[in-house]
Structures are given as structure tokens and as C-alpha cells.
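Note sheet for the following structure.
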Amino acid sequence: MRFSRMYIPTLKEDPTEAEVISHKLMLRAGMIRRLAAGIYAYLPLGLMAVRNVERIVREEMNRAGAQELLLPGVQPAELWQESGRWEQYGKELLRFTDRHQRGFCLGPTHEEVITDLVRHEIRSYRQLPLNLYQIQTKFRDEIRPRFGLMRGREFIMKDGYSFDVDDQMAEKSYHVMFAAYGRIFKRCGLDFRAVEADSGAIGGSFSHEFVVLANSGEDGVATCSKCDYAANLEKAERACPAPEVGGGDQNIVPAMEEISTPDCGTIEEVCAFLKIEPRKTVKSMVYESDRGLTMVVVNGARQVSETKLKALLGVQWVELAEESRIEEDFAARIGSLGPVTVKIEVVADQEVAGMSSLVCGANRDGFHLQHVVYGRDFTASQVGDVVEVQAGDACPRCGAVMEVVRGIEVGHIFKLGVKYSEALSATFLDQHGKEKLMVMGCYGIGIGRTVAAAIEQNYDEQGMMLPYALSPFKVALLCLDTKNEEVVAYCDRLYASLQERGIETLYDDRNERPGIKFKDADLIGTPLRLTVGRKGFARGILEVKERRASDSVEIPIDDVNQLWEMIDKLAAHDQGISSL
RNA sequence: CGGGAUGUGGCUCAGUCCGGUAGAGCACUGCGUUCGGGACGCAGGGGUCGGAGGUUCAAAUCCUCUCAUCCCGACCA
């Protein structure tokens, strides 16, 4: 493509609307433009990168036995009412009515639609397994869209769904997808981890997230320093520390006593006042859920994971209780609450039972209790894992130290089970003529987010350095002297032979100063840059520079075999994986 | 949903406190000179100052309302 004819509106300055690097660079390189909050237009260059991800996704999905289709973006309310999600799905589901006052929504995901489609067509076990996917624009009315394509409201997503005859076959489908996802992200040139994840509101029994490691990521991931355990912070477990010396031993710890702690409303204030460490205290938080009020007791240095709490209690929702609600059952306000002699149910984190001589609120404003021992002074009706993992915790698999890193979730696979097939009656007849529910799985990839994540991992001060497989153009050919007929003629010929070889080339034939061409080439970041100037041409050399390299090499203008070799080498990464 | 900030030409921003009829740089058009890392000169075009209402002789500037965008937070006892 000739630069002079292509619509690539590059920006010299960072737009104020952009915060993270991928967002800034995509705007500056003329890949995307914002239309409304969280809604973006894909310009030619941006679309080319998107298409590259899509191409890899299609190739690997098809290779894994999945078939592409395209489902509607607008979906009828009835279907969502049938699955129960019309009410369950929050405000992220954009609902509206048509002229006949019938309810519709913009599809944020397609479990209902695909299940509806399949239930009408699949009657026999002979027609299974089935794995269908689509690449489509979805809409989720996010509370707070941000970071450009990273967290938009309208976004391009690949979503796939598998249907199997039983649990075992469904797991097989899941593993096939797991492997396909690994190949996809590898081919995209990303540094990623497959992490165990909470299956969340979508339902199901187990799931993995594919997370690209980047500091700007919104997700926390706990990873083991020794083994390959990796899990989303929402779900990550830890090996519980051995009980402290004297922990729970009522013969060693002195009797519990009340101490005055004036104006101490937080763990920090209590610790500063008593000159102790937060991990010697517990915090007692009152949560409200669909089974009423529950006091949750965790080590003072830790944070409750509401996701885990929800799982432990086996409830649909939890939230911190309103202050007014607490006043009904407690004589003290928050900040002075504790688990000793309370009227409501108490749930404790596993770690609490092993703590010795802890400090907690006395349920009396301005007072705390010390020398409190679990089992002696208070008990919990349930003990389990309800806190978020922190860096330094022990790996649940091997006991080594774990670290917590940030990442961008680019893919998520779930084993759904029969949640949707049951709700929508998607059944088939097995070998014995018996009616059974299809066992489902679902598999998503954020296409735009994958492009953004690739930029987050590959850039420098000058601009993007997208991996070869994702880069819109593989080669930038810079003709520095557009007035010199010989130079132009040579560049035209070189451009023609690049095209003949099928190498996507951005031919900068603009009548611009060299500085502008270099800056734009670096910003767009094609893996290879060819420069032809008057002086070099006179010397009979062509300048070749890899975007990631610091120096350029010179090759004779009439011997371009070296050039083909360099390009083949750059292309080898993707091809190496795709030919596996 | 709560808090903070910002809306002035296509982009980045000044001017707002202290009211006097709109500016800079970049970009764009023409001409000339330049031409290997975002050139220079000259001459131009382009703005209902987010919107509505109000105060005033006079409003980008003061007041009220509203819309949009960005950031932080969304209960951690």
C-alpha cells in the first residue's frame, strides 16, 4: 500500500483522553478513533491488526474442529428471561424496546442464542460433539469504560460454544480448546499465563483465564515461583501457615482481657496504639447476603475476597452490611466489632484458627480484646478460605513462595455444564433412546484487547513494535527522495517485488521530509524498515533496519536475496508455531 | 452511584481569579527556499469559547441548571 493513498492519520502529540500506552499509541498511529465513551472506530491500520488476530484465531479454532458461524447482535428478551439472566445480568446488559414494545438487548454474550439454535436442530447423540464459534461485536454497558480497546463497551470478541454428550466428553472439548488457546496466544507473540479462574456469574464448574502479563493490567494473578501454579486473585489459594507457637493453646495464653483503645477505628490505628503488628489482630467484618448477616473474621493484615466468601457461604450475593443494619445487632459501631459473644453467625478464615493470642474489637466503642484464642474465647460456625492471596504466600501445590503480578485477561474458557441446556431444555437422545441434557463449554477471546495487550508488551519511546504476526504491515519502504527519478524508479521496482512475494508493505512515497517518514515508520512499528535515499542509492546500497534492532545493515541494491532471508526469519516465529 | 477535574479552530493548550468583544504552537491552503530523524519565510482559510437560562451597557470570564469527557473511589472494620 502506498502511504500517500492510505488513510493513516498519525498524531504527533499524545491525546489527552488516553492513559495507557496501548491506547495512546493506537490513537497516535491512526489505528482507532473514539466515537463515544468506550466506543471506537477501527481505522484501516487498526482493522488490519484486528484482522491479523482474527486470522490466527480462525485458523486455530478451525484446526481444533470448531466451525464458524455468525449470530445476531440484537437478542429478544424472552430468551434471556428463559435462562433467568434478564433479571440477573446487571445494568451492563443494554436493554431496549422496539416499536412494538417488545424487549430486546444488545448481546453481551451469546449462550442463550447459541443454545436456542442448537436445541432446535440437535436431536441425537450422533450429531455431537459440536463446537461453534463466531467473531462478532459485543456490547456491555460497562460502569467505567477505560484504556481504549482494553475495556470498551463495544468490542470485538471471539466466542465459542461446545456441546457434548456427557461430562467426560465436555472435558475433552475443554482441553482441546485450552490447547488451541495456548497456540493462539503464542502465535500472537504474547507473554501470557493460563491461570485458574473463578467461573463467576456465567456459571459452571471450572475455568481458565489466559492472562497477558503487563503492569497496566486490571487483573491480579498469583503465580508460583517454582511450579506452574497460577491463579486469578479472585480464586488463588494458599497453603495455610502452620499454627503459631501456642496457637490455640489455652494453657499458654493468658486470659482474655478488655483494653481501652480510644479513637482507634482501623487496624492501623489499633496497631499504632498498642504497638503491635497487624497480623497479630483480626478484623471482623459484617456482611449481608441472601442468608442474612454474617460476621467474617480474618487476619488483620489481609483482605476478604468476596468471591471466595460467596463460594464458602454458598450464596448468590454478598455485600458489606450497612452501618444502620449493624446497629440493630451490635452495641458498638464498626471499628470496634469482634467475634466474641455475638448474636449472628461467625465465619472465620482458616488462618485465624491457628493464630495465637489475637487482638480484636470488644463490641464496645473504644475498647478491644487481647489474648483472645480461637476455640477458647470464640468459635466460628464455618472455617474456610475467605481471604485474597498476597505476595509471599505459600503455593498450595508445592509450598514455594508465590508472587502477585498484574495482567490483562485476553481469553477465558469455561466448562459450563448443563446450566444453559437445562434452562433452555437443550436435549438429545443417547444410544439407549434416553433423553439427556447437552453438556456445554464456552470460550471467549477479546480480539481488540489482544491487540492492545500486544502493544502493552511491545513498544518503546518511538512507538509500537508489534509482533510480526500482528503487525498490519511487515515492511515499511521509505523513499526519501521522491524528486529523484532514479531513486523513485528503484523504489517502485522494489515495492513491486515485495508485493509479488506477498509481503504486506507500506510504501512511503509521500513527498515529505525524511524525519516525518522515519517518525511515522517507528510509530507504526513495522518489523522491518527499508530506506532508500539519494546518497545511499548513489553508493549502491539499501538500508535495512529491524524495528527492534538498534543498528541498521546495508545491502547492495541489486542483491535483495539477503532481504528475503531477513523477512523469512522474522516470519518464522508465527509459521513455526502454525506448522506444529 | 460517590468524589475530583476538564470542556476555547482538526490536535495540544493559554486566556477565566480581576468582565471590555478571542490567542499561541502544531495541522491545513498558496508561493518561495529547504530535503537522512516531526524545516523556514511570506501570505491565507478556519472558532455560536460544550449547551440552555440569568446578571450586566458589555460575558470565554460572574451566577444557576444541564450535557459530555477524563481520573479516583464504590464501602476492608
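Labels below follow one simple rule: chain letters A, B, ... track the order of the sequence lines, proteins then strands, and each chain is numbered from 1.
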Item to check | Base partner of C13(B), which must satisfy Watson-Crick or wobble distances under 3.5 Å | outcome: G23(B)

Item to check | Residue Leu320(A), side-chain atoms from C-beta onward, closest of A77(B), A39(B), G38(B) | outcome: A77(B)

Item to check | Crowding at CZ, Arg406(A) (>12 non-hydrogen neighbours, <6.0 Å) | outcome: yes

Checklist outcome for this item: Rounded to whole Å, the NZ-P distance (Lys545(A) to G37(B)) equals 14 Å

Next on the checklist: Heavy atoms from C-beta onward define the side chain here; which of C70(B), G38(B), U34(B) lies closest to that of Thr10(A)?
Outcome noted: G38(B)

Checklist entry - Mind checking who U69(B) pairs with, Watson-Crick or G-U wobble, both distances under 3.5 Å? => result A5(B)

Next on the checklist: Taking the minimum atom-to-atom distance to the side chain of Ile267(A), which one of C26(B), A77(B), C71(B) wins?
Outcome noted: A77(B)

Checklist entry - Is a donor-acceptor pair below 3.5 Å formed from side chain Arg510(A) to base G38(B), judging by atom type as modelled? => result no

Item to check | Complement of G47(B), any strand, by Watson-Crick or G-U distances under 3.5 angstrom | outcome: none

Checklist entry - With a non-hydrogen cut-off below 4.0 angstrom, is Asp14(A) in contact with a base, only sugar-phosphate, or nothing? => result sugar-phosphate

Item to check | Ring-face cation contact, Trp80(A) with Arg95(A), 6.0 Å cut, 45° max | outcome: no

Checklist entry - In the structure shown, which nucleotide is the Watson-Crick or G-U wobble counterpart of U33(B), with both distances under 3.5 Å? => result A39(B)

Checklist entry - Taking atom P of C35(B) as reference, at what distance in whole Å does atom CG of Leu478(A) sit? => result 18 Å

Next on the checklist: Can you work out whether Gln303(A) or Glu512(A) has the more 5'-proximal nearest nucleotide on RNA chain B?
Outcome noted: Glu512(A)

Checklist entry - Mind checking the P distance from U34(B) to C40(B)? Whole angstroms is fine. => result 16 Å

Checklist entry - Within the pair Thr16(A) and C70(B), is there a side-chain N or O less than 4.0 Å away from OP1 or OP2? => result no

Checklist entry - Under 4.0 Å: is that the gap between some side-chain N or O of Arg513(A) and OP1 or OP2 of G38(B)? => result no

Checklist entry - Atom CD1 of Ile143(A) to atom P of C75(B): distance rounded to whole Å? => result 11 Å

Checklist entry - To the nearest Å, how far apart are Glu19(A) CD and A5(B) C1'? => result 13 Å

Checklist entry - What do the steps show when you test Gln499(A) against Tyr495(A) for side chain to side chain donor-acceptor pair (under 3.5 Å), and what is the final call? => result CA-CA 6 Å; Gln499(A) 280 183 306; Tyr495(A) 176 52; 3.1 Å; yes

Checklist outcome for this item: A60(B) -> Watson-Crick or G-U wobble partner, both distances under 3.5 Å, gives none

Checklist outcome for this item: Across every strand shown, the nucleotide meeting Watson-Crick or G-U wobble geometry with C76(B) (both distances under 3.5 Å) is none

Next on the checklist: If you only use heavy atoms from C-beta on, which nucleotide in U69(B), U34(B), C71(B) is closest to the side chain of Phe147(A)?
Outcome noted: C71(B)

Checklist entry - Closer to the 5' end of RNA chain B via nearest nucleotide, is it Thr266(A) or Phe537(A)? => result Phe537(A)

